[in-house]
Amino acid sequence: YYTEFAKSKIIYPETSKWMRACYDTTGAVCANTVCLIPTEDLYLLAILQSKIFDWYARHEFQTRGDPWSFSGRVRFMTQQLESFPMFPAMASQQAPIIERVNHLLTDMTAKAYYLADEIDEYLYELYQLTDTDRQLIQEAEPQHSFTARYAGIWADLPEIDEEGEQLWVRWSKILTL
């Protein structure tokens, strides 16, 4: 499986407070308890970083402690990820989402806050969520900072969160051979 590291991939921790999916195109190698999906699919990256996925994972995946509290953790095991009902969007439906993900990958500005919300809005539309469903997801979301939630998409250097844990950010800068 070492050849998979050389490919473009999405990397994420097996257990975390929330999904911290990172996109790597550098051939970075990962340490223990980190999973990878060899893919160039930025639509999948958007799904994994979405509020919809976060809500689903906290309800359906194995957890350690209360997944809604700051101290709780969610386990992102492969078989659970495969159970997520990913919307089979056509290329034309994916295009505006991928455009925003590409922007987040290359530019961290104040506009990024709006882009992340726009991605969630596009996904709400694709999943045909009602206003009530959207409100349920948004109100249930743990109060993580935007930067922490999306650090894996664009951060260049490791950061430390409130509890002193290193955030899972842009692996190409953290773990390379």
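Residue numbers count from 1 along this sequence. Quick caveat: nothing in here was measured; it's all calculated off a predicted structure.
The existence of a salt bridge linking Arg73 and Glu14 is excluded, since no basic side-chain nitrogen approaches an acidic carboxylate oxygen closer than 4.0 Å.
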> Given Tyr43 and Phe87, is the ring-ring contact (aromatic ring centres under 6.0 Å, His included) satisfied, shown in steps?
Replying inline: CA-CA 10 Å; Tyr43 173 68; Phe87 185 83; 7.8 Å; no
>> Working note: Glu121 + Arg134, criterion salt bridge (Lys or Arg N to Asp or Glu O under 4.0 Å); need CA distance, chi angles, decisive distance, verdict.
In response: CA-CA 9 Å; Glu121 288 298 322; Arg134 293 172 191 209; 3.0 Å; yes
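The side-chain tip of Arg58 does not point at the ring of Trp55 from less than 6.0 angstrom away and within 45° of straight on.
The two residues Phe5 and Val29 have their closest heavy-atom pair at CD2-CA, 3.8 Å. The nearest pair of heavy atoms linking Tyr23 to Thr39 is CE1-O, 3.7 Å.
Looking only at distances, no side-chain donor or acceptor of Ser16 sits under 3.5 Å from a matching main-chain atom of Pro13. Side-chain atoms of Lys9 come within 3.5 Å of backbone N or O of Ala28 as a donor-acceptor pair. Between the Asn102 side chain and the Leu105 main chain, no donor and acceptor come within less than 3.5 Å of each other. Proximity of a side-chain donor or acceptor of Ser50 to a complementary backbone N or O of Phe53 within less than 3.5 Å is detected. Side chain of Lys7 to main chain of Thr3: no donor-acceptor pair is present (N/O by atom type, distance under 3.5 Å, no hydrogens or angles). Looking only at distances, no side-chain donor or acceptor of Asp120 sits under 3.5 Å from a matching main-chain atom of Asp117.
Ring centers of Tyr122 and Tyr127: at least 6.0 Å apart, outside the cut-off.
Once rounded to the nearest 0.5 Å, the distance linking SG of Cys22 with CG of Leu45 reads 8.5 Å.
For Arg100, the salt bridge (charged side-chain N to carboxylate O under 4.0 Å, His left out) criterion is met by Glu118, not counting sequence neighbours.
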